[in-house]
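Here is the structure we will look at.
Hydrogens, waters and symmetry mates play no part in the numbers below; they use all other heavy atoms, side chains included. Numbered from 1 within each chain, the chains take letters A, B, ... in sequence-line order.
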There are 2 protein chains.
Amino acid sequence: MSLIFSRSCEYALQAVIYMARVENGKPVHLRTISDAMSIPHHFLGKILQILTRDDIVQSTKGANGGFKLGRSASEIRLLEIVHSVDGATSLDKCIMGYPECVDDKPCPLHDEWKKSKETIMKMLRETTIDKMTEGLDSKLAETAATH
Amino acid sequence: MSLIFSRSCEYALQAVIYMARVENGKPVHLRTISDAMSIPHHFLGKILQILTRDDIVQSTKGANGGFKLGRSASEIRLLEIVHSVDGATSLDKCIMGYPECVDDKPCPLHDEWKKSKETIMKMLRETTIDKMTEGLDSKLAETAATH
DNA sequence: GGATAAACAGACTCTTTTATCTGATACAAT
DNA sequence: ATTGTATCAGATAAAAGAGTCTGTTTATCC
């Protein structure tokens, strides 16, 4: 089973969450994030470049540089990050790979899968980064902090 | 976005459905299936070898050989095929890729994702091949037949 | 037994994803 | 201005997934 997000996308989410939490206005170094999340830093660099291009994060070069969120955490939606990194969603492709599978000529799993798909899409569309960090301090806080 | 089944697994499902439908006890040639479903036949060959090893399909060599289901369609579950081809499900891994994400120290998407996961797993566990072919004749029949 | 027709098996190629390396560029502090 | 520290960018490498090729084995039919 493959599953939903590519590795790159997982890293992107982790990094964005990290920035949203640590944030106090100041940019965070790539290296700080990659060390904390155990992500190869060159690889994360590439990913953050993409997010920068799409204005999800903002970068500053040179000393005192680093990365921070491009806008308020309440204005960044999960789906944007996924789209930015993984491209257009493949959630609308047939789960069984039938090329001709459509609503009125469905594959055997079409209707059931459609429900799951819509639930997932709703989650991606409606979840903003601030909502994701909300409940976090009581839970993952120690983990993220000690990394 | 990646998504749920690998290409190989999609092919496996298509092939099994095909066998379940065409079936009248007689084995079907690899080539017949691959042509009908537009699957590279060598590639499908590999996949059917795996399914054969796991007793999901049964093969006979030589003239009049071919593939047929290893047991009754009502005794083959979707999840078996997925496991056979794609290996142990990755549905239990954290959607965000956090290695330390568990129920009592969850990632921000844990609870919502858990619901979707369980719905999908339920579908995979409970759907048998005969259920999948049931509604099919009125729908995909023409497509599959004309291939 | 020989010819034929199928699955089986292993090596190989191509593509995509993931990861690494190296140098250039930009910024800040002194 | 020089130095140090950061991101940026492009080329490259390694690994995994998808697909191909060639030959072997096994069964059936004549």
Side-chain angles (χ1 to χ4, degrees), chain A residues 1-15 19 26-35 37-70 82 84-88 90 93 97 99, chain B residues 1-15 18-19 26-35 37-70 82 84-88 90 93 97:
Chain A
M1 272 189 176
S2 346
L3 222 53
I4 306 287
F5 301 148
S6 68
R7 179 79 56 98
S8 299
C9 191
E10 288 178 2
Y11 290 162
L13 292 175
Q14 293 179 19
M19 283 184 268
K26 289 196 184 59
V28 191
H29 293 156
L30 167 62
R31 204 59 198 245
T32 306
I33 305 174
S34 67
D35 284 356
M37 303 283 105
S38 309
I39 302 171
H41 71 280
H42 277 119
F43 194 31
L44 183 57
K46 294 280 171 225
I47 295 166
L48 291 183
Q49 277 174 37
I50 296 171
L51 293 179
T52 303
R53 265 201 292 282
D54 290 349
D55 290 318
I56 292 165
V57 313
Q58 210 176 336
S59 71
T60 37
K61 285 179 162 186
N64 299 343
F67 295 90
K68 59 175 190 173
L69 296 188
V82 176
S84 176
V85 176
D86 280 348
S90 66
K93 286 197 315 181
Chain B
M1 271 189 177
S2 350
L3 222 57
I4 307 287
F5 301 148
S6 68
R7 180 78 56 98
S8 299
C9 190
E10 288 178 0
Y11 290 162
L13 291 175
Q14 294 179 19
Y18 187 94
M19 284 183 268
K26 290 196 184 60
V28 191
H29 294 155
L30 168 62
R31 205 59 198 245
T32 307
I33 306 173
S34 67
D35 284 356
M37 301 283 105
S38 308
I39 302 171
H41 72 280
H42 277 120
F43 194 31
L44 183 58
K46 297 273 171 233
I47 295 166
L48 291 184
Q49 278 174 36
I50 296 171
L51 293 180
T52 303
R53 266 202 291 282
D54 289 349
D55 290 317
I56 292 164
V57 313
Q58 210 176 337
S59 71
T60 38
K61 286 180 163 186
N64 299 344
F67 296 90
K68 61 175 187 174
L69 295 188
V82 176
S84 176
V85 177
D86 279 349
S90 66
K93 287 198 315 180

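In this structure, the CD atom of Q49(A) is 17 Å from the P atom of dA6(D), given to the nearest Å. Rounded to a whole Å, the NE2 atom of H29(A) is 15 Å from the C1' atom of dC8(D). Distance CG (D35(A)) to P (dA6(D)): 12 Å, rounded to an integer number of Å. Rounded to whole Å, atom P of dA18(D) lies 11 Å from atom CD1 of I50(B). The distance from atom CG of L30(B) to atom C1' of dT26(D) is 16 Å, rounded to the nearest whole Å.
Minimum interatomic distance between D54(A) and S84(A) (heavy atoms only, all atoms of both residues): OD2-OG, 2.6 Å. S59(A) and T52(A) get closest at one heavy-atom pair: OG-CG2, 3.8 Å. Nearest heavy-atom pair, E10(A) versus G97(B), reported as atom, atom and distance to 0.1 Å: OE1-CA, 3.3 Å. Listed here is the closest heavy atom pair of P27(A) and N64(A): CG-O, 3.8 Å. In this structure, V28(B) and I33(B) approach most closely via the heavy-atom pair CG1-CG1, 3.9 Å. Scanning all heavy atoms of the two residues, the minimum distance from I47(B) to V85(B) falls at CG2-CG2, 4.4 Å.
Residues of residues 39-46 of chain B having a heavy atom closer than 4.0 Å to DNA chain C, listed by number: K46(B).
Under the side chain to side chain contact (heavy atoms under 4.5 Å, CB included) test applied with M19(B), the options I56(B), L48(B), T32(B) reduce to a single match, L48(B).
One finds no side-chain N or O of T52(A) lying less than 4.0 angstrom from the OP1 or OP2 phosphate oxygen of dT7(D). The side chain of Y11(B) contributes no N or O atom lying less than 4.0 Å from OP1 or OP2 of dA18(D). Distances shown here put a side-chain N or O of R7(B) below 4.0 Å from the OP1 or OP2 atom of dG19(D).
In the 5' to 3' direction, nucleotides of DNA chain C lying under 4.0 Å from heavy atoms of chain A begin and end at dT18(C) to dA29(C).
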Atom pairs under 3.5 Å, N or O on each side, protein against nucleotides 27-30 of chain D: can you list them with distances?
residue : atom : partner : partner atom : Å
dT28(D) : O3'  : N64(B)  : ND2          : 3.3
dC29(D) : OP1  : N64(B)  : ND2          : 3.2

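Of the inter-residue distances, the one linking S34(B) atom OG with L44(B) atom CG reads 6.0 Å to the nearest 0.5 angstrom. Atoms NZ and CD1, on K93(B) and I4(A) in that order, are 12.0 Å from each other to the nearest 0.5 Å.
For the helix from dG1(C)-dC30(D) to dT30(C)-dA1(D), the terminal axes (five pairs an end, C1' atoms, rotation from four pairs onto the next four) enclose an angle of 0°, given to 10 degrees.
Using a 4.5 Å cut-off on side-chain heavy atoms (C-beta onward), K46(A) and I50(A) make no contact.
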Go through the steps for S8(B) and F43(B) under the test side-chain contact (heavy atoms from CB on, under 4.5 Å), then give the verdict. CA-CA 8 Å; S8(B) 299; F43(B) 194 31; 3.4 Å; yes
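By the salt bridge (charged side-chain N to carboxylate O under 4.0 Å, His left out) test, R53(A) is found to be paired with no residue, residues two or more places apart in sequence or in another chain being considered. In terms of the salt bridge (charged side-chain N to carboxylate O under 4.0 Å, His left out) criterion, R7(B) has no residue partners (sequence neighbours excluded).
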